[in-house]
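All remarks here apply to the structure that follows.
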Amino acid sequence: MPLLERRFTIKANDFVKAGEVSIEVQGILKKIGFDPTLVRRVSICAYEAEMNVVMHGGDGEMMLHVEPEEIDLVCSDQGGGIEDIELALLPGYSTARPEHQEMGFGAGMGLPNIKKNASSLDVYSRKGEGTRLIMKFEVGDEH
Amino acid sequence: MTMKLAELVELLDAEIVVGHEKRDLSFEFCTASDLMSDILRGPTSGSILITGLNNTQVIRASVIANVAAIVLVRKKRPNEDLVERAKEHEIPLIRTPFTMFTACGKLFEVGLRGIDELL
């Protein structure tokens, strides 16, 4: 039995609300009492994934699944998908638009940063068919 | 070296927009960037963020990364939503007339250091 399971919706191009889901995830994990470093890692991944959906993904959702030994985040969207996943995982590769860059995004560090912070990351995507990120965090792993 | 928010405000000839009650907050490290990824990647937890980014997302990224306070450079007037979000998340928001380079220089001069030392 999981400790907790929550589902959040993410709206495309809504920069007023963008990030609220991740802050809610952060609050939930803090309240449960997980180690602050782990909470920060999960929150950063949630935020990177959420912003990707807002900027590139069309509408989407984030699932949070919490167990005593593992936290899972699954972020899926109905956007245009990723043409070349290997390329998207390379630091510095970005398809962000100028208006995203003006806000400080688009350095091409989103997926690499998720990879760095999560215990494991799986990316499922096809051009035109949306994207699904599965991020797992083992409680107590050395990161 | 540690510094209190009140001392930073004086040194940078700054104005506290949000967080008057946190004047005694002390911190050790600073980071300066206009890129969200710098806020989200480095060991920015507990540090002061010096930035020219004047949008709501800078607050959200700072909350996510546990940044202690935000210093807005070049006399930028924060937009209303940014102020509201800073209040909501109880993160001090400060504005200085100095450019990013000068603000950083002034803080470095008195002994504050970047997060490089934590890398």
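Lettering follows sequence order; numbering is per chain, from 1. Model, not experiment: these values are computed from the prediction.
Considering every non-hydrogen atom in both A:Met103 and B:Met36, the closest pair reads O-CE, 3.2 Å. The two residues B:Ser37 and A:Met109 come nearest to each other via the heavy atoms CB-CB, 3.6 Å. A pairwise comparison of heavy atoms in B:Ile64 and A:Ser22 identifies CD1-CB, 3.7 Å as the closest pair.
A:Lys115 NZ: 12 or fewer foreign heavy atoms inside a 6.0 Å radius. At most 12 non-hydrogen atoms from other residues, nucleotides or ligands lie less than 6.0 angstrom from NZ of A:Lys136. The 12-atom threshold is exceeded at CZ of B:Arg113, counting heavy atoms of other residues, nucleotides or ligands nearer than 6.0 Å. Atom CD of B:Glu21 has more than 12 heavy atoms from other residues, nucleotides or ligands within 6.0 Å. Counting heavy-atom neighbours within 6.0 Å of B:Glu90 CD, excluding the residue itself, gives a total of 12 or less. Surrounding CD of A:Glu83 are at most 12 heavy atoms belonging to other residues, nucleotides or ligands under 6.0 Å away.
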Worked verdict on B:Gln57 versus A:Met51 for side chain to side chain contact (heavy atoms under 4.5 Å, CB included)
CA-CA 10 Å; B:Gln57 289 308 322; A:Met51 292 316 297; 3.8 Å; yes
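Proximity to chain B (any heavy atom under 4.5 Å) is restricted, for A:Tyr47, to the side chain, taken from C-beta onward. If you measure heavy-atom distances from A:Gln101 to chain B, you find no contacts under 4.5 Å at all. Heavy atoms of B:Ser33 lying under 4.5 Å from chain A are absent altogether. For chain A, no part of B:Ile59 is nearby; none of its heavy atoms comes within less than 4.5 Å.
Considering CZ of B:Arg60 and CD of A:Glu50, their distance stands at 8.0 Å, rounded to 0.5 Å.
Counting heavy atoms from C-beta on, the side chains of A:Arg40 and B:Thr44 come closer than 4.5 Å. Between A:Ile23 and B:His89 the shortest side-chain heavy-atom distance falls below 4.5 Å.
Residue with the most contacts toward chain A among B:Leu40, B:Thr56, B:Asn55, B:Leu35: B:Leu40 (heavy-atom pairs, distance under 4.5 Å). The most heavy-atom pairs under 4.5 Å with chain B, out of A:Gln26, A:Glu102, A:Arg41, come from A:Gln26. Most heavy-atom pairs under 4.5 Å with chain B, from the set A:Thr37, A:Val25, A:Val16, A:Ile44: that is A:Ile44. Contact tally against chain B (heavy-atom pairs below 4.5 Å) for A:Gly108, A:Gly104, A:Ser43, A:Gly110: the top residue is A:Gly104.
Cluster membership for B:Val83 and B:Leu49, using ILVMFWY side-chain heavy atoms within less than 4.5 angstrom, is shared. Note on B:Phe27 and B:Ile39: separate hydrophobic clusters, where clusters join Ile, Leu, Val, Met, Phe, Trp and Tyr whose side-chain heavy atoms are under 4.5 Å apart, directly or indirectly. Residue B:Leu72 is not grouped with residue B:Leu25 when hydrophobic side chains (ILVMFWY) are merged at heavy-atom distances under 4.5 angstrom, including chains of intermediate members. Taken together through direct or relayed side-chain contacts under 4.5 Å among Ile, Leu, Val, Met, Phe, Trp and Tyr, B:Phe108 and B:Leu12 form parts of separate hydrophobic clusters.
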